[in-house]
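Chain identifiers are assigned alphabetically (A, B, ...) following the order of the sequence lines, protein sequences preceding nucleic acid strands; residue numbering begins at 1 within each chain. Since this is a predicted model, take the numbers as computed values, not measurements.
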Amino acid sequence: MRIGILSFAHHHAEAYIGNLRSIPGVEMIGFADDEQERGRRFASLFDARQYPSYEALLADAPDGVLVCSENANHRPLVEMAATAGVHVMSEKPLATSLADAQAMLDACQAAGVMLMTAFPMRFSAPVLEVKAMLDACGLGQVYACNSTNQGQMPRHHRAWFVDEHLAGGGAVMDHTVHLADLLRWYLASEVVEVYATTNHILHADKVDVETGGLIMLTFADGTFASIDCSWSRPHYYPTWGGLAMELVGARGIVNVDGFRQSLTTYGHPEQHTAWSYWGSDMNQAMVEEFVAALRESRPPSVTGYDGYKALEVALAVYASARSGQPVSLPLTGS
Amino acid sequence: MRVGIAGVGFMGTTHAAAWAETEAEIAGFLHKTEEGALPLAQRYGAKAYQDLDAMLAGVDVVDICTPTHLHHEQVLQAAAAGKDIVCEKPIARTIEQGQEMIAACRAAGVKLLLAHVVRFFPEYALAKAAVDRGDIGQIAVVRLAREAFQPKKAANNWFVDFDKSGGMMLDLMIHDLDYARWVAGEVDSVFAKSITANHPAAGVDHGLVILTHRNGAISHVAGSWAYPPPEFHTSLEIAGSQGLLEFNSDATAPISLHLREEEGGGAPDVPLPGSPLSESPYATQIKEFYGALVHDTPVRVSAEDGLAALQIALASIESAHTGAAVALHPLPEVPA
């Protein structure tokens with residue numbers, strides 16, 4: 001099984017290299033990056049082969065590729081891979097417009113290749129444990145959810161994360177899709193309405209995109225769920241941010257925190273206090289699922305359609321924030 | 001200064017203990033039955049009253065700790081008798097009632113002190129002081145949560161009677177709706193969801209409210225009567241342009257008790273939050289009110305604040321039931 005990486009624009013690519021190399025029987029063939037200088041740096045850092053172009057990597061007939069370009073550039077790379085008959089896992093959000101996301105789904109379907117969306121939280125051990133509990137009716141009917149996916153302003157990872165065109169927005173586009181996806185999966189129900197209010201107070205002097213957002217989703221079964229997607233963690237916060245859900249059901253309440261499993265260090269050189277995550281590696285489990293789906297010729301547990309539906313929620317957030325009223329889904333006129 | 005306490009339930013009992021820490025004389029307790037008022041009257045050497053006018057004749061200040069739907073009539077009665085008033089939150093069941101109460105107190109020249117006790121909890125007061133000092137810059141995102149079990153009562157549980165209490169949003173969430181307005185300013189728009197509105201047959205309530213403040217700050221307020229007794233969790237998070245404030249009652253609980261007992265430890269009927277303190281926040285509140293009553297010193301919460309909190313809570317209920325965001329308009333000045 002030969003897997004390559006298209007673009008190092010997203011810093012997750014750095015983790016995926018190691019994830020791929022640790023899977024028995026998988027050859028991480030290398031990567032291509034349209035920023036040649038950045039590519040040379042990572043080629044040296046990871047001792048990895050740098051192909052001169054995306055076309056050259058795809059011509060080397062990999063079984064699958066991981067697309068780690070800027071959000072707005074997922075579509076051309078996914079379409080290129082589909083045309084080459086190569087299966088794809090794309091970073092989240094799947095795209096920055098529903099038209100792009102639909103085109104990606106169509107291209108992969110037409111080419112008969114798999115499209116997986118990289119939603120690593122689906123593979124978090126605590127998140128999976130609660131999913132199993134919900135499926136066993138451990139909480140009874142779920143009525144409500146209060147969830148957070150807050151973080152630091154991510155410009156220090158890559159500048160494009162705060163570029164409205166390349167990222168598709170700010171905190172909303174960055175964080176909403178994770179919880180929108182988890183909630184669709186947990187509840188086995190679709191979002192029918194989105195309300196949101198956003199602002200631009202945090203880091204107003206540094207970025208032009210929205211940095212604060214509070215969102216309310218209503219699902220077809222009547223369940224409602226709020227999401228806080230704000231970049232409200234200061235740069236000296238003990239970790240990058242986090243993801244947590246409080247689910248209220250007929251039998252009680254369950255709280256799940258995807259990043260609580262951490263070691264506290266006092267005296268960390270950059271952050272005086274640091275929380276070092278020691279929980280299971282969800283990126284590893286996600287990349288293994290991509291490989292397993294390829295090997296077993298089956299759809300992955302997180303599909304391109306899941307990526308489309310989560311993106312639809314994020315786009316509805318912007319529409320609601322503009323109008324000040326809830327927006328009905330599915331969105332039309334994409 | 002003689003104080004009469006109307007209501008002998010959880011809040012009447014709690015306020016009595018707080019008044020006992022002041023120089024005030026606790027002169028009477030009011031309940032519709034004599035046997036209801038007697039235990040507290042005997043404990044504090046006060047009279048047991050069954051009639052508000054009779055108690056008003058024997059006191060200088062009345063402390064209204066009765067169910068919400070009674071506040072309006074009793075405050076009007078006390079104002080007509082020329083007595084200063086302490087009134088539990090929410091100020092009233094409707095805006096019109098609250099406006100009439102404020103106008104009546106102003107016309108009668110009596111004080112109307114609203115017991116929004118969360119403003120007196122040290123963790124909440126400390127966070128407010130940090131915000132006012134500018135420690136975290138301009139406020140951007142506020143998160144508040146207050147999660148407990150549904151109050152129980154042996155009989156006549158007015159808490160669960162929506163007409164009387166206004167339900168969980170008016171009885172419980174109003175604390176944090178008031179606090180959000182206190183730290184982040186006036187509210188322009190309210191959007192809310194509740195289990196009561198979406199699943200009326202569920203038998204539990206949990207509400208989530210999103211506020212958009214006039215200055216651009218946004219707030220998320222969670223309230224719950226869905227937790228099992230005796231759990232009561234509160235939390236606060238205020239993110240500003242220069243920093244972040246966090247408080248969580250579980251994380252800061254100084255004592256954790258784990259008794260090996262067959263029966264789960266008895267939960268109180270009405271959940272009250274609290275961390276061990278040398279002075280209860282209820283006493284801090286009543287002492288500040290006492291100072292205002294005797295020395296005319298300032299208080300940190302006005303009757304108009306109580307009315308504004310009521311407006312946000314009622315808008316939350318409306319939004320949860322209509323599904324639309326509710327725009328708030330400044331309430332007209334109550335005429336003097």
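Distance check: B:Leu208 CG to A:Ser147 OG gives 9.5 Å after rounding to the nearest 0.5 Å. The structure places CD1 of A:Ile227 at 9.5 Å from CD1 of B:Ile210, a figure rounded to the nearest 0.5 Å.
The side-chain heavy atoms of B:Phe191 and A:Thr197, taken from C-beta on, include no pair separated by under 4.5 Å. Counting only heavy atoms from C-beta outward, the side chains of B:Ile195 and A:Phe224 approach each other to under 4.5 Å. Counting only heavy atoms from C-beta outward, the side chains of A:Glu246 and B:His233 never approach each other to under 4.5 Å. Residues A:Leu202 and B:Gln138 have side chains not in contact (no heavy-atom distance under 4.5 Å, counting atoms from C-beta outward). Counting only heavy atoms from C-beta outward, the side chains of B:Val141 and A:Asp228 approach each other to under 4.5 Å.
Among all heavy-atom pairs drawn from A:Ala144 and B:His206, the shortest one is CB-CD2, 4.3 Å. Looking at every heavy atom in both residues, B:Ser189 comes nearest to A:Tyr195 through OG-OH, 3.9 Å. A pairwise comparison of heavy atoms in A:Asn199 and B:Ala140 identifies ND2-O, 3.0 Å as the closest pair. Here the closest non-hydrogen pair linking A:Val248 and B:Ala226 is CG1-CB, 3.7 Å. The two atoms that bring B:Ser241 and A:Ile201 nearest to each other are CB-O, 4.0 Å, heavy atoms only.
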Legend entry - A:Ser226 and B:Lys193: CA distance, side-chain angles, deciding distance, side-chain contact (heavy atoms from CB on, under 4.5 Å) verdict: CA-CA 9 Å; A:Ser226 63; B:Lys193 293 283 179 188; over 6 Å; no
Inset, instruction - Show the numbers, then the answer: is there a side-chain contact (heavy atoms from CB on, under 4.5 Å) between A:Met216 and B:His220? - result: CA-CA 10 Å; A:Met216 188 85 75; B:His220 183 278; 5.8 Å; no
Inset, instruction - List the steps, then state whether side-chain contact (heavy atoms from CB on, under 4.5 Å) holds for B:Arg143 with A:Asn146. - result: CA-CA 11 Å; B:Arg143 298 185 61 81; A:Asn146 177 355; 2.9 Å; yes
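Contacts of A:Thr211 with chain B are absent, with no heavy-atom separation under 4.5 Å from either backbone or side chain. With a threshold of 4.5 angstrom between heavy atoms, A:Ile253 approaches chain B through side-chain atoms but not through N, CA, C or O. Interface remark: B:Ser224 contributes no atoms to any contact with chain A (heavy atom separation under 4.5 Å). Residue contact with chain A, scored on non-hydrogen atoms closer than 4.5 Å, involves the backbone of B:Gln242 exclusively. Looking at B:Ile136, there are no atoms closer than 4.5 Å to chain A (heavy atoms on both sides), in backbone or side chain. With a 4.5 angstrom heavy-atom cutoff, A:Ser320 does not touch chain B via any of its atoms.
Atom CZ of B:Arg214 has more than 12 neighbouring heavy atoms from other residues, nucleotides or ligands inside a 6.0 Å radius. No more than 12 heavy-atom neighbours from other residues, nucleotides or ligands sit within 6.0 angstrom of CG on A:Asp208. In the displayed structure, A:His156 atom NE2 is contacted under 6.0 Å by more than 12 heavy atoms of other residues, nucleotides or ligands. Counting heavy atoms of neighbouring residues, nucleotides and ligands inside a 6.0 Å radius, atom CD of A:Glu164 does not exceed 12 of them.
Taking the six-membered ring for Trp and thresholds of 30 and 60 degrees, B:His199 and A:Tyr143 have ring planes inclined between 30 and 60 degrees apart.
A:Gln325 places a side-chain N or O within donor-acceptor distance of the main-chain N or O of B:Ala325, the cut-off being under 3.5 Å. With B:Asn198 contributing its side chain and A:Thr223 its backbone, the two residues share no donor-acceptor pair below 3.5 Å.
Residue with the most contacts toward chain B among A:Ala250, A:Gly212, A:Gly252, A:Pro326: A:Pro326 (heavy-atom pairs, distance under 4.5 Å).
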